[in-house]
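Structure, as structure tokens:
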Amino acid sequence: TRTASIQTYTAGNGVKDLVRWPNNMYLNVWLVQSIASGAGGYAYYPGAGPDIDGIVVRSGQFGVTQRTLTHEIGHYLNLAHTWGSTNNPEVASNCSSDDNVSDTPNTIGNRTCDVNFVSCSSLDNVQNYMEYAFCDRMFTEGQKTRMIAALNGSASNRNNLWTASNLAATGTDGSDWLCTVDFSSEI
């Protein structure tokens, strides 16, 4: 849906009260002009609560060349940044943090795409979607396992999203299950 509101111009969690589809049936995504914290997007881990569940993304960081939504879906499916659960990359103390995924090396976190960069005594995985390097191309097998566990766990409503009954209820169970984008602008 398209809802114009002052809350979509400098968004916080209040934007989620404008329009919200049932969290146990849909992944809600709000595209906004800007985010009050200055972030490009944000999401909460499973179990954060129905009033804040979903993803907020700055519209300028949404589209074919941007991977912000992919990154935020990672958080929604229980992935931390590769350097742990802070929003602060390139900090030496991040070597002592962990993302709880065994096949992602500890890293300080990166904002540049140097595929040969070494921190924390190992080659950094700068092409990971959970980095800030913007040359992202992949999730690891361990991250995939963690996301599948989030979709099967009972800590949130995510375990219903993929069930046959929910796919039927939301009309996404047929061969034409992909949505058709049909937006227009009056500008």
Side-chain angles (χ1 to χ4, degrees), residues 8 10-13 15-16 27-48 52-153 155-156 158-159 161-162 178-179 181:
T8 63
T10 306
N13 280 333
V15 74
K16 298 174 182 180
L27 162 55
N28 285 283
V29 177
W30 292 267
L31 292 179
V32 299
Q33 180 66 32
S34 66
I35 296 173
S37 69
Y42 68 92
Y44 293 96
Y45 296 131
I52 60 171
D53 198 25
I55 299 172
V56 177
V57 176
R58 199 168 56 81
S59 59
Q61 289 191 227
F62 182 80
V64 176
T65 60
Q66 297 291 328
R67 302 291 193 273
T68 302
L69 183 59
T70 304
H71 176 97
E72 298 307 330
I73 289 172
H75 290 315
Y76 177 84
L77 295 176
N78 209 26
L79 295 182
H81 296 121
T82 55
W83 63 88
S85 286
T86 75
N87 292 320
N88 303 314
E90 300 177 334
V91 177
S93 62
N94 287 343
C95 287
S96 300
S97 296
D98 189 49
D99 65 353
N100 297 310
V101 179
S102 62
D103 65 353
T104 58
N106 279 16
T107 177
I108 61 170
N110 293 274
R111 291 185 181 168
T112 61
C113 192
D114 180 354
V115 296
N116 297 309
F117 191 79
V118 173
S119 71
C120 307
S121 303
S122 61
L123 182 65
D124 289 6
N125 186 352
V126 298
Q127 292 182 308
N128 194 289
Y129 286 118
M130 300 314 293
E131 268 282 4
Y132 281 175
F134 300 107
C135 58
D136 36 12
R137 299 196 179 335
M138 53 87 72
F139 288 113
T140 66
E141 286 295 317
Q143 288 172 316
K144 178 177 108 177
T145 299
R146 190 170 174 87
M147 289 187 284
I148 290 170
L151 286 168
N152 287 308
S156 67
R158 288 154 177 71
N159 63 350
L161 296 176
W162 58 270
L178 289 177
C179 297
V181 177

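For reference, positions follow the sequence shown, starting with 1.
When all heavy atoms of Glu131 and Asn125 are compared, the closest pair comes out as CG-O, 3.5 Å. The nearest pair of heavy atoms linking Tyr129 to Arg67 is CE2-CD, 3.8 Å. Across all their heavy atoms, Asn106 and Cys95 have their closest contact at ND2-O, 3.1 Å. Nearest heavy-atom pair, Val115 versus Val126, reported as atom, atom and distance to 0.1 Å: CA-CG2, 3.8 Å. Among all heavy-atom pairs drawn from Gly84 and Ser97, the shortest one is CA-CB, 4.3 Å. Closest non-hydrogen pair, Phe117 versus Ile108, comes out as CE2-CD1, 4.0 Å.
A donor-acceptor pair is defined here as one N or O able to donate and one able to accept, closer than 3.5 Å; such a pair exists between the side chain of Glu72 and the backbone of Ala43.
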Next on the checklist: Run the side-chain contact (heavy atoms from CB on, under 4.5 Å) test on Phe139 and Leu77 for me, step by step, so that the C-alpha distance in whole Å, both residues' side-chain angles and the decisive distance to 0.1 Å come before the verdict.
Outcome noted: CA-CA 12 Å; Phe139 288 113; Leu77 295 176; over 6 Å; no
Checklist entry - Run the side-chain contact (heavy atoms from CB on, under 4.5 Å) check on Trp162 and Ile148 step by step: do they pass? => result CA-CA 11 Å; Trp162 58 270; Ile148 290 170; over 6 Å; no
Checklist entry - Should Leu123 and Val118 be marked as a side-chain contact (heavy atoms from CB on, under 4.5 Å) after you check the CA-CA gap, both sets of side-chain angles, and the distance that decides it? => result CA-CA 4 Å; Leu123 182 65; Val118 173; 4.2 Å; yes
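Expressed to the nearest 0.5 Å, how far CH2 of Trp83 lies from OG of Ser119 amounts to 11.0 Å. Remark: Asp99 CG to Leu79 CG distance equals 8.0 Å, nearest 0.5 Å. If you take OG1 on Thr68 and CD1 on Ile73, they are separated by 11.0 Å, rounding to the nearest 0.5 Å. A distance of 11.5 Å separates CG of Asp98 from OG1 of Thr107, quoted to the nearest 0.5 Å. Taking CH2 from Trp30 and CD1 from Ile55, the interatomic distance works out to 9.0 Å, rounded to the nearest 0.5 Å. To the nearest 0.5 Å, atom CG of residue Leu31 and atom CG of residue Leu69 are 8.0 Å apart.
Relative orientation of the His75 and His81 rings is perpendicular, given thresholds of 30° and 60° on the angle between their planes.
Side-chain atoms of Tyr76 and Asn28 form no donor-acceptor pair, as typed in the model, at a separation below 3.5 Å.
At a threshold of 4.0 Å, the pair Lys144-Asp103 does not count as salt-bridged, since none of the basic side-chain nitrogens sits closer than that to a carboxylate oxygen.
In the displayed structure, Glu141 atom CD is contacted under 6.0 Å by at most 12 heavy atoms of other residues, nucleotides or ligands.
Remark: of the listed residues Asn78, Thr82, Asn128, Asn128 is the sole one forming a side-chain hydrogen bond (donor to acceptor under 3.5 Å, both in side chains) with Gln143.
Looking at heavy atoms from C-beta onward, Phe62 lies out of side-chain contact with Val32 at the 4.5 angstrom threshold.
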